[in-house]
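Just so we're clear, the structure is a prediction, and the values are computed from it rather than from any experiment. Nothing fancy with the numbering, it's 1 onward along the sequence. Indexing begins at 1, ligand by ligand and atom by atom, following the structure's order.
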Amino acid sequence: MIKTPICRQQLKGITTILSLVLGCMGTGWAVAAEDGDAIPEHEYSKGVKRCMLCHKEGKPMAAHEIFLTPMGISGDPRAPFADGNHDCEACHGPSKSHLKRKKGVRPPPPITFDDKTPVEAQNKVCLACHDTGARFHWPGSVHDTEGLACVDCHDRHVPDDPVMNVQTQSAVCFKCHQEQRAQFLRQSRHPVQGTTSSLSHVGLMACTDCHQPHGSAGPGALKRNTINEQCYDCHAEKRGPFLWEHAPVSEDCTNCHTPHGSNHENLLIARQPWLCQQCHVARFHSSDVYSGTGIPPSGADQRMLGKQCLNCHVQIHGSNHPSGVRLTR
Ligand code: HEC
Ligand code: HEC
Ligand code: HEC
Ligand code: HEC
Ligand code: HEC
Ligand code: HEC
Ligand code: HEC
Ligand code: HEC
Ligand code: HEC
Ligand code: HEC
C-alpha cells in the first residue's frame with residue numbers, strides 16, 4: 001500500500017487528519033473536525049474486539065498486554081480505549097482495510113511503529129495526547145533533531161515499560177549511548193544501574209535523576225537550568241553560601257568532576273596535585289609543576305612527599321570557618 005508515491009501522499013494526508021482528530025480528543029473536544037476533514041467513521045474497524053480476534057494472547061502478534069498499561073484503562077476519558085477514541089486505531093490509524101486480505105495480501109494498518117511509517121508521523125500520534133508537561137521541550141530537543149521516535153525508548157505494549165523503570169532504564173539508553181555505558185563502569189561512578197550484577201550499588205539512580213530525555217531548557221538536556229543546580233539537588237551541602245568561596249566550585253562542578261564516571265577517586269577529572277595545578281601554576285610553596293619523575297619508590301624526591309594539596313586545603317568546596325581563608329579549615 002505504501003509502495004507507490006501516490007499512496008504515500010494519501011498516507012501523509014491520513015496521518016495529518018488523524019493527528020488533528022487525536023489532538024482534539026486529547027483536550028476533550030469534539031472528535032469530528034469542524035471543516036469536514038475528519039476521517040470518515042466507516043474507515044475505522046469499529047471495535048477492539050475485531051482486532052483481538054487475531055491479536056489475542058497466544059497469537060504470533062499478540063497485543064493483549066496493552067490492557068495492563070495505564071493506556072488500556074477504558075474508564076480514563078483521555079485514553080485510547082475510552083468511548084469514541086477508536087481503541088487500537090487511536091494509535092494504528094483507521095485499519096478497516098487491514099481486516100481483510102486483498103489478492104492474498106493484508107495491507108498493514110496506516111501507522112505501524114517501524115520503518116514503514118516515517119518517524120514524524122509516528123511521533124505525531126503520541127504527541128497528539130502527550131504534547132504537554134515533560135514534552136514541552138521536545139520540539140528542537142537533541143533527541144527530536146536526531147530523528148528519534150518515541151518508540152525508540154518506549155515500549156507501548158508491555159505493562160512495565162523498561163525505560164520507565166529505574167532498574168532497566170539505563171539498558172535502553174545504552175543501546176545508543178555506548179560511551180556513557182563505559183563511563184558508568186569506571187571505578188568511581190554515580191550508582192546508576194550498571195551492566196553487571198557484581199556492582200555493589202546499582203540501580204539506586206537513573207539517568208532521569210539528572211536528565212530529561214524529552215529535552216529541557218538546561219544544558220545537556222539536564223532537568224535543572226545549570227549543572228550546579230543539578231548537583232545541588234542531591235549534594236545540597238556543596239551549595240553554600242560559604243564565607244570563603246572557592247571560585248571554580250560555585251562556577252561549575254565539572255571544573256573538577258565528571259558527572260558519569262572516572263578512574264580517579266571521587267569522580268575527579270585528574271589526580272592531585274595535577275588537578276589543582278591545571279589552574280594554580282604560580283611558583284608558590286608546593287604548587288610547583290611536578291613531572292612524572294621522582295615518584296616513589298624509584299626515587300623519593302622530597303618535593304613530591306607530603307604535598308597533597310588537600311592535606312592542608314581540606315575545605316576544597318568552600319569554608320565557613322572564621323579563619324578558613326585559603327580553605328585550610
Ligand atoms: C483477520 C485477522 C486480523 C485482524 C481482524 C486484525 N489483524 Fe492485524 N494483523 C494480522 C496479521 C496476520 C498480521 C501479520 C502481518 C501480515 O501477515 O500481514 C497483522 C499485523 C498487524 C500489525 C503489524 C503490521 C506490521 O506490518 O508491522 C498491526 C499494528 C496490526 N496488525 C494491528 C491491527 C489492528 C489495530 C486491528 C484492528 C483494527 C487488527 N490488526 C486486526 C491479522 C489481523
Ligand atoms: C498507545 C498507542 C497504541 C495502541 C492504543 C495500540 N498500539 Fe499496537 N503498537 C503501538 C506501538 C508503539 C507499537 C510498536 C512496538 C511497541 O512499542 O511495543 C505497536 C505494535 C503493534 C503490533 C506489532 C507487534 C509486533 O510484535 O511486531 C501489533 C500487532 C499491534 N501493535 C496491535 C495492536 C492492537 C490489536 C491494539 C489494540 C488492542 C493496539 N495495537 C493498540 C502502539 C499502540
Ligand atoms: C488517545 C490518547 C493517547 C495516545 C494516542 C497515546 N497515549 Fe500514552 N497515555 C494516554 C493516557 C490517557 C495515559 C495514562 C495517563 C497518563 O499517564 O497521563 C497514557 C500514558 C502513557 C505513558 C505513561 C504510562 C506508563 O506506561 O507507565 C507513556 C510512557 C505513554 N503514554 C507514551 C505514549 C506513546 C509513546 C504513544 C505513541 C505510541 C502514546 N503514549 C499514545 C493517552 C494516549
Ligand atoms: C530518549 C528516550 C525517550 C524518548 C525518545 C521519549 N521518551 Fe518519553 N520517557 C522517557 C523516560 C526515561 C521516561 C521516564 C521519565 C521519568 O521517570 O522521569 C519517559 C516518560 C514518558 C511519559 C510518562 C511520564 C510523563 O512525563 O508524563 C510519557 C507520557 C512519555 N514519556 C511520552 C513520550 C512521547 C510522546 C515521546 C515522543 C515525542 C517520548 N516520550 C520520547 C524516555 C524517552
Ligand atoms: C535510539 C538512540 C538513542 C537512545 C535510545 C537514547 N539516545 Fe540520547 N542521544 C541520541 C543521539 C543520536 C544523541 C546526539 C548525539 C550525542 O550526544 O551522543 C543523543 C544525545 C543525548 C544527550 C545529550 C543532550 C544534549 O543536549 O547534548 C543526552 C543527555 C541523552 N542523549 C540522554 C539519553 C537518555 C537518558 C536516554 C535513555 C532514557 C537516551 N539518551 C536514549 C540517541 C539516543
Ligand atoms: C549525576 C547526574 C547525571 C546522571 C545520573 C547522568 N548524567 Fe549524563 N550528564 C550529566 C551532566 C552534568 C552532563 C554534562 C552536561 C553539559 O556539559 O552540558 C551530562 C552529559 C551527558 C551526555 C552528553 C555527552 C557527554 O557525555 O557530555 C549524554 C549523552 C549523557 N549525559 C547521557 C547519560 C546517560 C545515558 C545516563 C544514564 C545511563 C546519564 N547521562 C546519567 C549528568 C548526569
Ligand atoms: C539524584 C541525586 C544525585 C545528583 C543529582 C548528583 N549526585 Fe553525586 N552522588 C549521588 C549518590 C547517591 C552518590 C553515591 C554515594 C555513594 O556511593 O556512597 C554520589 C556520589 C558523588 C561523588 C563521590 C563519588 C565517589 O566515588 O565516591 C561525587 C564527587 C559526586 N557525587 C558529584 C556530583 C556532581 C558533580 C553532580 C552534578 C553533576 C552530582 N554528583 C549530582 C547522588 C547524586
Ligand atoms: C576545585 C575542584 C573541585 C570542584 C570545582 C568541585 N569539587 Fe567536589 N571534590 C573535589 C575534590 C578534590 C574532592 C575530594 C575530596 C577529598 O578527598 O576529601 C571532591 C569531593 C567531592 C564529593 C565527595 C566527598 C564529599 O565531600 O562529599 C562530592 C559529593 C563533591 N565533591 C561534589 C561537588 C559538587 C556538587 C561540586 C559543585 C558544586 C564540586 N564538588 C565541585 C574538588 C572539587
Ligand atoms: C578550574 C580552575 C581551578 C582549579 C582546578 C582549582 N582552583 Fe583553586 N582557585 C581557583 C580560582 C579562580 C581561585 C580564586 C583566585 C582568586 O580569588 O584570586 C582559587 C583559589 C584557591 C585558593 C585560595 C582561596 C582563598 O581563600 O584565597 C586555594 C587555597 C586553592 N584555590 C586551592 C586549590 C586546590 C587545593 C585545588 C585542587 C584540589 C584547586 N584550588 C583547584 C581556580 C581553581
Ligand atoms: C603543607 C601544607 C600545604 C600544602 C601541602 C599546600 N598548601 Fe597551599 N597554602 C598553604 C598555606 C598555609 C597557605 C596560606 C599562606 C598564606 O596565606 O600566607 C596556602 C596558600 C595557598 C594558595 C593561595 C596563594 C595566594 O597567593 O593567596 C593557593 C592558591 C594554594 N595554597 C594552592 C595550593 C596547591 C595547588 C597545593 C598543591 C599543589 C597546595 N597549595 C599545597 C598550605 C599548603
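- By the 6.0 Å contact criterion, CD on Glu57 is open, its count of non-hydrogen atoms from other residues, nucleotides or ligands being 12 or less.
- Here His313 reaches atom 8 (Fe) of ligand 10: one of its N/O/S atoms is less than 2.8 Å from the metal.
- Counting protein heavy atoms under 4.0 angstrom from atom 17 (O) of ligand 9 gives zero.
- Under a 4.0 Å criterion applied to the non-hydrogen atoms of Cys312, ligand 10 contributes the atoms 1 (C), 2 (C), 3 (C), 4 (C), 5 (C), 42 (C), 43 (C).
- In Gln278, the CD atom is crowded: over 12 heavy atoms of neighbouring residues, nucleotides or ligands sit closer than 6.0 Å.
- When only interatomic distances are considered, the shortest N/O to N/O separation between His130 and ligand 3 falls below 3.5 Å.
- For atom 27 (O) of ligand 9, the closest heavy atom belonging to the protein is Arg326 NH1, 3.0 Å.
- Of the options Met164, Arg78, Arg156, the smallest heavy-atom separation from atom 26 (O) of ligand 3 is shown by Arg156.
- With distances taken over non-hydrogen atoms, the option nearest atom 33 (C) of ligand 3 out of His154, Gln122, Met71 is Met71.
- Atom CG of Asp83 has 12 or fewer neighbouring heavy atoms from other residues, nucleotides or ligands inside a 6.0 Å radius.
- Between His143 and Trp138, the closest side-chain pair of non-hydrogen atoms falls below 4.5 Å.
- For the side chain to side chain donor-acceptor pair (under 3.5 Å) test with Ser45, the passing option among His86, Glu89, Lys96 is Glu89; the others fail.
- Distance from atom 1 (C) of ligand 9 to its nearest protein heavy atom, with residue and atom name: Cys279 SG, 2.7 Å.
- The shortest side-chain heavy-atom distance between His137 and Gln212 does not fall under the 4.5 Å cut-off.
- Sparse packing is recorded around CZ of Arg50, with 12 or fewer heavy atoms of other residues, nucleotides or ligands lying under 6.0 Å away.
- Taking the centre of each ring, Phe136 and His214 stay at or above the 6.0 Å mark.
- If you check which protein heavy atom lies closest to atom 28 (C) of ligand 9, you get Leu327 CD1, 4.0 Å.
- Rounding to the nearest 0.5 Å gives a distance of 9.5 Å between NZ of Lys238 and SG of Cys253.
- The proximity of Cys150 to ligand 3, defined as any non-hydrogen pair under 4.0 Å, is limited to the side chain.
- The neighbour count for Glu179 CD, taken as heavy atoms of other residues, nucleotides or ligands under 6.0 Å away, does not exceed 12.
- Using a 4.0 Å cut-off to heavy atoms of Pro273, the atoms of ligand 10 that qualify are 38 (C).
- Thr258 and Gln183 form no side-chain donor-acceptor contact under 3.5 Å, judged by distance and modelled atom types alone.
- Evaluated by nearest non-hydrogen atom to atom 14 (C) of ligand 9, the leading choice among Cys276, Ala247, Gly318 is Ala247.
- When the heavy-atom distances from atom 32 (C) of ligand 9 to Glu251, His280, Gln272 are ranked, the shortest goes to His280.
- For ligand 9, the atoms sitting less than 4.0 Å from at least one non-hydrogen atom of Ile316 are 33 (C), 34 (C), 35 (C), 36 (C), 38 (C), numbered in the order shown with element in parentheses.
- Among the atoms of Thr328, none of the N or O lies under 3.5 angstrom from an N or O of ligand 10.
- Counting only non-hydrogen atoms, the option in Asp155, Asp87, Val125, Leu68 that gets closest to atom 5 (C) of ligand 3 is Val125.
- A salt bridge is defined here as a Lys NZ or Arg NE, NH1 or NH2 lying under 4.0 Å from an Asp or Glu carboxylate O, and Glu229 with Arg239 meets this definition.
- Residue Glu245 places no N or O, backbone or side chain, under 3.5 Å from any N or O of ligand 9.
- Proximity to Phe113 (heavy-atom distance under 4.0 Å) selects the following atoms of ligand 3: 38 (C).
- Near Cys309, meaning under 4.0 Å from one of its heavy atoms, ligand 9 places the atoms 35 (C).
- No hydrogens or angles considered: nothing links the side chains of Thr226 and Asn228 as a donor-acceptor pair under 3.5 Å.
- The closest heavy-atom contact to atom 12 (C) of ligand 3, among the options Asn165, Ile66, Asp76, comes from Asp76.
- Judged by the shortest distance from any of its heavy atoms, His246 lies inside the 4.0 Å radius around the atoms of ligand 9.
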